[in-house]
A.B. asks: 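So that we are looking at the same thing, I have put the structure below in structure tokens.
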Amino acid sequence: MRVDAWTLLAEARRAFPDKWHGLTDTDTRYRQRYVDLWVTEEARATFRLRSRLISLTRRFLEARDYVEVETPILHPIPGGATAQPFVTHHNTLDVDLYLRVAPELYLKRLVAGGMERVYEIGRVFRNEGLSPRHNTEFTMLELYEAYGDYHVHMALLEELVAHLATELVGGTKLTYQERELDLTPPWRRATMSDLVEERIGVRVDITTPIDDLRSLCDEHGVPWKPDQGPGKLLLELYEKTTEASLWDPVFVIDYPAEVSPLSRPHREVQGLVERFEAIVGGRELCNGFSELTDPDDQRSRFEDQARLKASGDAEAMSVDHDYLRALEYGLPPTVGLGVGIDRLVMLLADQPNIREVILFPTLRPEVGLE
RNA sequence: GCGCCUCUAGCUCAACGGCAGAGCAACGGACUCUUAAUCCGCAGGUUCUGGGUUCGAAUCCCAGGGGGCGCACCA
């Protein structure tokens, strides 16, 4: 080798980690991603996969005539999900604003305005606990389609996930955390009641007397409160006894209306709504439903939520009068779906922790760094 | 918020009540052989912090801090 000339492009004033062992301290990896990306090939691969996944998702939806939109992140009224929002303040307007917990209500305003297929991929913020599956801010894909019902979006979602798996990991049969997982459509559809029955061996549904539900909760160590109705108890039973035991993809369908303030009533069963969640690898991947389009029904559901909020439920929604006004102009039958992009990336990148798929995850601020 | 585990050189780790060490990286030199590993040399520490026990603490105890996992909350 013969050097004719050389120029110093950048100076490394700090020593890099061990070339062979790399970084094992996850705290350092997450705080100093600029070092992690240098030394951890797996991290580079994960974030490349994430980028491709989002790109493929856009192309998939655009091929189906979905239009990408951007809606406000600062909301005057938090809504669209039952979750605690962050509060901030606008100085000039002198009003409190909330970081969005979901884009849902704005996207449905757009459908009411004649945009029949819309989607948004964006950050939402929830002021709640952190875990290997929860980050304070995370990326949600939400999409809405006029003239469809929840069956339409179940089919779309399983097709999207199968497409992404094929493109990104070479097929729909994969291994997640050393366990086989088959994403090949069609996925099973099963009602919440049926799944709980399979698990605990007792038939429960929305008509089960509340005392029976309460004693079942006691029997399975599920805490309950006197003000919780049968729908809430059914959901609690499902979540505590059944959800984590589901592994291969399943659409859990037909949720209690009581816990679904934005969903359309079930076409056949009183007290239920046409809602579904996809559980994959024991984890919720998406949440969707035929949308509630009746402004009177929506108003009374909002009022129920507002009562919960007044009695101390920090996650309950408020009445959004402008949204009700939009419904009064007429929202066609519509289906909507929200997908946790981070969790989808975890699944396809075979990562067990959400922090592995977010470049700069939320951490306690570092002290003593000056 | 509660419980369990964890924190030693830039990084990966040892020392587990008796003088804080190694490998890699860095730095100086030799070598001109790329796909972790050449050789010689040199340097590197508030053992997370503060107390306590002890003749003696990285090691045992208490409190605090950071992180991980579980529970709770949630997606």
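Proteins get letters first, then strands, A, B, ... in listed order; numbering begins at 1 in each.
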A.B. asks: Quick check for you: among A36(B), C69(B), A75(B), whose closest atom lies nearest to any side-chain atom of Phe138(A)?
C.D. replies: A75(B)
A.B. asks: Rounded to the Å, how far apart are Gln84(A) CD and A72(B) C1'?
C.D. replies: 13 Å
A.B. asks: How long is the span from the CD atom in Glu284(A) to the CD atom in Glu277(A), to the nearest 0.5 Å?
C.D. replies: 3.5 Å
A.B. asks: At under 4.0 Å, does any side-chain N or O of Arg14(A) touch on OP1 or OP2 of A26(B)?
C.D. replies: no
A.B. asks: For a quick check of understanding: with a heavy-atom distance under 4.0 Å over all strands, which category does Asp342(A) fall into, base, sugar-phosphate or nothing?
C.D. replies: nothing
A.B. asks: Does the separation of the ring centres of Phe276(A) and Phe251(A) fall below 6.0 angstrom?
C.D. replies: yes
A.B. asks: For Leu61(A), run the side-chain contact (heavy atoms from CB on, under 4.5 Å) check against Val67(A), Leu143(A), Leu56(A) and tell me which one passes.
C.D. replies: Leu143(A)
A.B. asks: Which one of Arg343(A), Arg44(A), Arg29(A) satisfies the salt bridge (Lys or Arg N to Asp or Glu O under 4.0 Å) criterion with Glu356(A)?
C.D. replies: Arg29(A)
A.B. asks: Taking the six-membered ring of Tyr106(A), is NZ or CZ of Arg109(A) closer than 6.0 Å to its centre and within 45° of its axis?
C.D. replies: yes
A.B. asks: Counting only side-chain heavy atoms from C-beta out, which of A75(B), A36(B), G67(B) sits nearest to Lys19(A)?
C.D. replies: A36(B)
A.B. asks: Would you kindly give the CG-to-C1' distance between Leu130(A) and G70(B), to the nearest whole Å?
C.D. replies: 15 Å
A.B. asks: Atom CZ of Arg275(A) and atom OG of Ser263(A): how far apart are they, to the nearest 0.5 Å?
C.D. replies: 5.5 Å
A.B. asks: Heavy atoms only, 4.0 Å cut-off, all strands: where does Arg13(A) land among base, sugar-phosphate and nothing?
C.D. replies: nothing
A.B. asks: Using the side-chain heavy atoms of Arg133(A), tell me which of these nucleotides is nearest: G70(B), A75(B), G66(B).
C.D. replies: G70(B)
A.B. asks: State whether the number of non-hydrogen atoms from other residues, nucleotides or ligands found under 6.0 Å of Glu198(A) atom CD is greater than 12.
C.D. replies: yes
A.B. asks: Would you say Arg364(A) reaches G66(B)'s phosphate, i.e. side-chain N/O to OP1/OP2 under 4.0 Å?
C.D. replies: yes
A.B. asks: So, OP1 or OP2 of A75(B): does either fall under 4.0 Å of a side-chain N or O from Thr139(A)?
C.D. replies: no
A.B. asks: Could you check whether Glu315(A) gets within reach of a base, just the sugar-phosphate, or nothing at all, counting any heavy atom under 4.0 Å?
C.D. replies: sugar-phosphate
A.B. asks: Of the non-hydrogen atoms in Asp342(A) and Arg50(A), which two are nearest, and what is the gap between them?
C.D. replies: OD1-NH1, 2.9 Å
A.B. asks: Taking the six-membered ring for Trp and the full ring for Phe, Tyr or His, determine whether the centres of His163(A) and Phe60(A) are under 6.0 Å apart.
C.D. replies: yes
A.B. asks: List RNA chain B stems (3 or more consecutive Watson-Crick/G-U pairs, under 3.5 Å)?
C.D. replies: B:1-7 with B:65-71, B:10-13 with B:21-24, B:27-30 with B:38-41, B:48-52 with B:60-64
A.B. asks: Determine: side-chain N/O of Asn353(A) to OP1/OP2 of C69(B), distance under 4.0 Å, yes or no.
C.D. replies: yes
A.B. asks: Indicate for each nucleotide in nucleotides 7-15 of chain B, in 5' to 3' sequence, whether protein heavy atoms under 4.0 Å reach the base (B), only the sugar-phosphate (S), or nothing (-).
C.D. replies: ---BBSS--
